[in-house]
Amino acid sequence: MQYNVDLEICALLFLILLFVISKTRKRLEGYQSRVFQMYLYLVFASNALDIITTYCLPYHDRIPAWINWGMNALFLAVQMSLPVIFVMYIYRKIPEVTAVEKRLVSWSCLPAMLGELLCLTSPIHHLIFYFDETGYHHGPLHIYLYINVAIYMIASICLAVRWRRQIGWREFPLLFTMIGIPAVMCVVQFITPDIMLAGVGSALSVYVMYFISESNVSLLDAVTGALNRKAMMDRVHKDMEDEKLEDIYTVAPDNFKLINEMYGLEGGNLILQGMAQAMMKTFGDRQVFRFGGDTFAVLVENGREGVRESLREIMEETYHIGEAEARITACIGLVHASNHPENELVSAIEYAVAEAKARGKGQFFEVEETAAEAMVRKKAIESTMMQNIRDGHFEVHYQLIYDIRRKGFYSMEALARLNVPGYGYVSPEEFIKIAEKNGSITQLGLLVLEDCCRFIKESDLHELGIDFIEVNLSMVQCMQPDIHRDVLRIMQKHQVPTHMINFEVTESVAASSEELLIRNMERFTEQRIHLSLDDYGSGYSNLNYLVDLPFSIVKIDKYVVWAAMKNEVSRIILENTIRTFKNIGLRVVAEGVEDQEMSDMIAGMGADYIQGFFYSKPAPKDKIIDRLKEELVKKQEEL
């Protein structure tokens with residue numbers, strides 16, 4: 001027999017190198033496939049036994065025969081177990097396996113177990129191999145070794161094809177390479193038994209398996225050296241399968257954009273590296289993950305104490321950037337993984353970060369079960385809202401505004417409405433904030449304007465006594481450089497006169513008085529589009545922006561009106577405020593009027609218009625038209 005021991009020794013050395021590389025990546029060890037680890041150990045043992053049985057033992061006559069027999073039996077038994085690893089490797093990559101398929105995988109071990117039993121007992125029955133005075137010989141059932149390989153190769157191919165989508169097309173060619181290499185080696189060895197290639201083939205298959213294994217460097221974040229989000233989600237998936245309860249702490253530096261501006265991108269990266277190293281030193285390399293951007297996640301066992309305090313201490317450290325020193329604060333969030341399905345965990349983490357930051361610098365927020373429900377609600381609202389925007393239609397209701405002097409309705413306000421399945425109509429304050437955060441507020445606002453323009457064109461509102469419709473502009477819309485062009489395009493499309501639209505700007509927006517806002521408002525007035533100051537009195541009221549900005553109407557917030565009904569001081573303030581606005585040529589709308597007493601009070605103070613449930617509740621177009629027609633008939637009867 002021809003012993004190509006040099007190839008076998010090279011294969012063994014290659015396996016040793018691969019073993020060392022695998023072990024040096026300690027943090028990745030938990031993310032390497034267990035099947036890969038088992039396969040690596042078995043192939044290493046098999047190749048070592050192969051060299052011993054084919055090179056060392058035959059040339060040492062003093063070695064007892066039972067060692068020679070035993071080593072060969074052990075070598076062949078290990079070789080018999082290798083093909084089943086292919087099936088197990090593919091099986092572990094498939095998340096959706098039925099109970100029947102799990103039983104089939106378990107039964108698939110039987111051919112290998114039978115082969116191992118035959119190999120180990122071959123010194124007794126000589127069916128697989130035997131020795132005589134002329135040396136080593138194949139037994140009558142030695143062909144079963146090749147049949148065993150063929151069974152598992154075919155099974156591996158069938159499994160790979162059956163679950164090709166779950167395994168992934170990128171891994172598919174490599175997977176067949178991994179299966180094909182030992183198969184080709186077995187065929188060659190079957191045709192030419194004098195050439196030993198089992199060890200080389202197994203070593204090459206280990207390399208391919210390692211190459212496509214989860215243990216590659218893609219699980220490491222290049223900037224910080226911590227594990228990345230993919231590694232975290234793999235870890236969470238495994239822990240959930242094992243029913244292991246864990247808490248996920250999120251850490252996000254405050255105003256990290258400012259840090260990058262002060263110290264540059266390289267300085268910001270140094271701070272992130274320092275944070276990651278400090279957290280890995282405290283909690284361990286395999287517990288810290290860079291979730292994304294400036295956010296880290298730390299996984300600890302459920303209920304572990306002192307984590308929040310340890311993270312605070314890490315954040316309070318001084319970070320050195322060259323000769324400069326940086327002190328930072330960070331918001332901390334806590335998510336209990338057991339409270340969330342795996343597919344909603346990322347949303348829960350993002351929610352924890354956002355809520356912690358919304359509470360201010362250095363704040364802590366825990367996503368409890370009630371908060372988890374709020375997160376699900378927010379996700380449902382956002383999903384419904386985005387679907388409406390994609391469909392190019394947003395539901396709009398209208399609230400009529402009463403003219404005290406004319407004793408009739410003179411305008412109406414357009415109010416966006418959102419009906420969320422399972423929750424019904426949600427408050428505009430709730431979904432408008434979400435729209436502003438995810439950047440869809442501009443599209444939403446333009447859809448509301450489009451609905452208003454269609455309403456004006458289709459219903460001839462001017463004939464029904466309506467002078468214009470008021471449409472809200474958010475802070476984001478006001479700061480869009482081309483907002484006036486978008487507005488004019490929609491109005492021209494529906495042939496709506498510009499004086500029929502009046503834009504409402506909230507007090508908080510007006511208070512910013514930025515140059516772009518002023519320029520946009522001037523462009524509106526140039527096109528005869530009027531502007532109203534909305535919610536006056538809801539914030540830090542300042543008369544300066546009433547001088548600087550071209551408002552023609554001021555709408556007094558409902559809470560100011562309600563306060564005036566409760567105490568004399570608030571009543572005097574409101575009355576003098578209305579008088580001041582009238583003296584500088586502004587028209588005044590009082591919001592939130594709910595009964596006759598409030599209406600009489602507002603009228604006595606000299607306001608021009610009244611808006612509230614007492615005169616009109618927000619309603620769809622058809623009901624508004626019916627109400628206006630009723631009012632028109634009533635007026636004609638009075639004449």
Side-chain angles (χ1 to χ4, degrees), residues 396-415 452-453 455-456 459-472 496-505 525 528-537 546 550-558 560-562 564-565 574-639:
V396 181
H397 287 190
Y398 296 86
Q399 185 176 27
L400 294 168
I401 299 175
Y402 186 78
D403 186 326
I404 297 174
R405 182 177 57 82
R406 292 195 295 188
K407 296 184 179 180
F409 298 118
Y410 90 108
S411 69
M412 63 180 77
E413 181 179 357
L415 301 166
C452 294
C453 290
F455 190 22
I456 292 169
S459 306
D460 197 10
L461 294 178
H462 189 69
E463 294 297 322
L464 294 172
I466 299 300
D467 293 341
F468 55 84
I469 295 181
E470 296 183 338
V471 181
N472 288 282
V496 171
T498 55
H499 68 269
M500 287 294 293
I501 295 293
N502 182 42
F503 285 115
E504 293 185 0
V505 178
T525 55
R528 294 184 61 208
I529 298 174
H530 295 289
L531 297 164
S532 300
L533 175 65
D534 194 20
D535 298 335
Y536 181 84
L546 289 172
F551 292 114
S552 57
I553 298 174
V554 177
K555 301 184 75 172
I556 297 176
D557 189 74
K558 61 185 178 183
V560 177
V561 176
W562 293 349
M565 289 293 297
L574 176 58
E575 186 171 8
N576 282 282
T577 300
I578 292 174
R579 185 180 299 112
T580 300
F581 289 153
K582 296 288 289 180
N583 288 338
I584 60 176
L586 295 172
R587 290 175 287 167
V588 179
V589 180
E591 297 180 304
V593 174
E594 296 182 340
D595 54 38
Q596 186 66 56
E597 184 180 0
M598 293 175 74
S599 176
D600 292 341
M601 179 190 72
I602 294 299
M605 291 179 177
D608 299 285
Y609 313 110
I610 295 175
Q611 182 176 352
F613 285 3
F614 179 64
Y615 286 99
S616 170
K617 292 183 179 180
K621 299 175 189 175
D622 53 348
K623 293 186 177 180
I624 292 295
I625 292 296
D626 290 343
R627 178 71 185 278
L628 289 173
K629 287 180 178 178
E630 289 174 5
E631 292 294 321
L632 189 61
V633 170
K634 193 182 294 184
K635 281 186 178 181
Q636 290 174 348
E637 289 176 351
E638 290 175 357
L639 294 175

Trainee: Is there side-chain contact between Leu464 and Lys629, with heavy atoms separated by less than 4.5 Å?
Mentor: yes
Trainee: Check step by step if side-chain contact (heavy atoms from CB on, under 4.5 Å) holds for Ile624 and His397.
Mentor: CA-CA 9 Å; Ile624 292 295; His397 287 190; over 6 Å; no
Trainee: State, to 0.1 Å, how close Cys452 and Val471 come at their nearest heavy-atom pair, and which atoms those are.
Mentor: SG-CG2, 3.8 Å
Trainee: Can you measure from CG (Leu628) to CD1 (Ile466) and round to the nearest 0.5 angstrom?
Mentor: 5.0 Å
Trainee: So which atom in Cys453 and which in Val496 form the shortest heavy-atom distance, rounded to 0.1 Å?
Mentor: O-CG2, 3.5 Å
Trainee: Is the ring pair Phe409/Tyr402 parallel, tilted or perpendicular, if the boundaries are 30 and 60 degrees?
Mentor: perpendicular
Trainee: Can you check whether Gln399 reaches Phe613 side chain to side chain, under 4.5 Å on heavy atoms?
Mentor: yes
Trainee: Would you find more than 12 non-hydrogen atoms of other residues, nucleotides or ligands less than 6.0 Å from His462 atom NE2?
Mentor: no
Trainee: If you define the side chain from C-beta out and look only at heavy atoms, does anything of Tyr609 sit under 4.5 Å from Asp403?
Mentor: yes
Trainee: Distance from Met605 atom CE to Ile404 atom CD1, nearest 0.5 Å?
Mentor: 11.0 Å
Trainee: Give, for atom CD of Glu504 and atom CD1 of Ile469, the distance between the pair rounded to the nearest 0.5 Å.
Mentor: 11.5 Å
Trainee: Check whether any side-chain heavy atom of Asp535 sits under 4.5 Å from a side-chain heavy atom of Glu591, and report yes or no.
Mentor: yes
Trainee: Considering only heavy atoms from C-beta outward, does the side chain of Asp467 approach that of His499 to under 4.5 Å?
Mentor: no
Trainee: Not counting sequence neighbours, which residues clear side-chain hydrogen bond (donor to acceptor under 3.5 Å, both in side chains) with Ser532? List them please.
Mentor: Asn502
Trainee: How far does OH of Tyr398 sit from CD of Glu470, to the nearest 0.5 angstrom?
Mentor: 12.5 Å
Trainee: State, with a plain yes or no, whether a side-chain heavy atom of Ile578 is found less than 4.5 Å away from one of Leu574.
Mentor: yes
Trainee: Do the charged groups of Glu575 and Arg579 touch, with an N to O distance under 4.0 Å?
Mentor: yes
Trainee: Under 6.0 Å from the CZ atom of Arg406, do we count more than 12 heavy atoms belonging to anything else shown?
Mentor: yes
Trainee: Under the salt bridge (charged side-chain N to carboxylate O under 4.0 Å, His left out) criterion, do Glu631 and Arg627 qualify, and how do the steps go?
Mentor: CA-CA 6 Å; Glu631 292 294 321; Arg627 178 71 185 278; 3.5 Å; yes
Trainee: With rounding to the nearest 0.5 Å, note down the distance linking NZ in Lys555 to CG in Asp534.
Mentor: 5.0 Å
Trainee: Less than 4.5 Å apart, side chain to side chain, heavy atoms only: is that true for Phe455 and Val396?
Mentor: no
Trainee: In the structure I gave you, are the side-chain heavy atoms of Glu597 and Met601 within less than 4.5 Å of one another anywhere?
Mentor: no
Trainee: Can you check whether Val588's main-chain N or O pairs, donor with acceptor, with Asp608's side chain at less than 3.5 Å?
Mentor: yes
Trainee: Mind running side-chain contact (heavy atoms from CB on, under 4.5 Å) on Ile553 and His530 for me, showing each step along the way?
Mentor: CA-CA 8 Å; Ile553 298 174; His530 295 289; over 6 Å; no
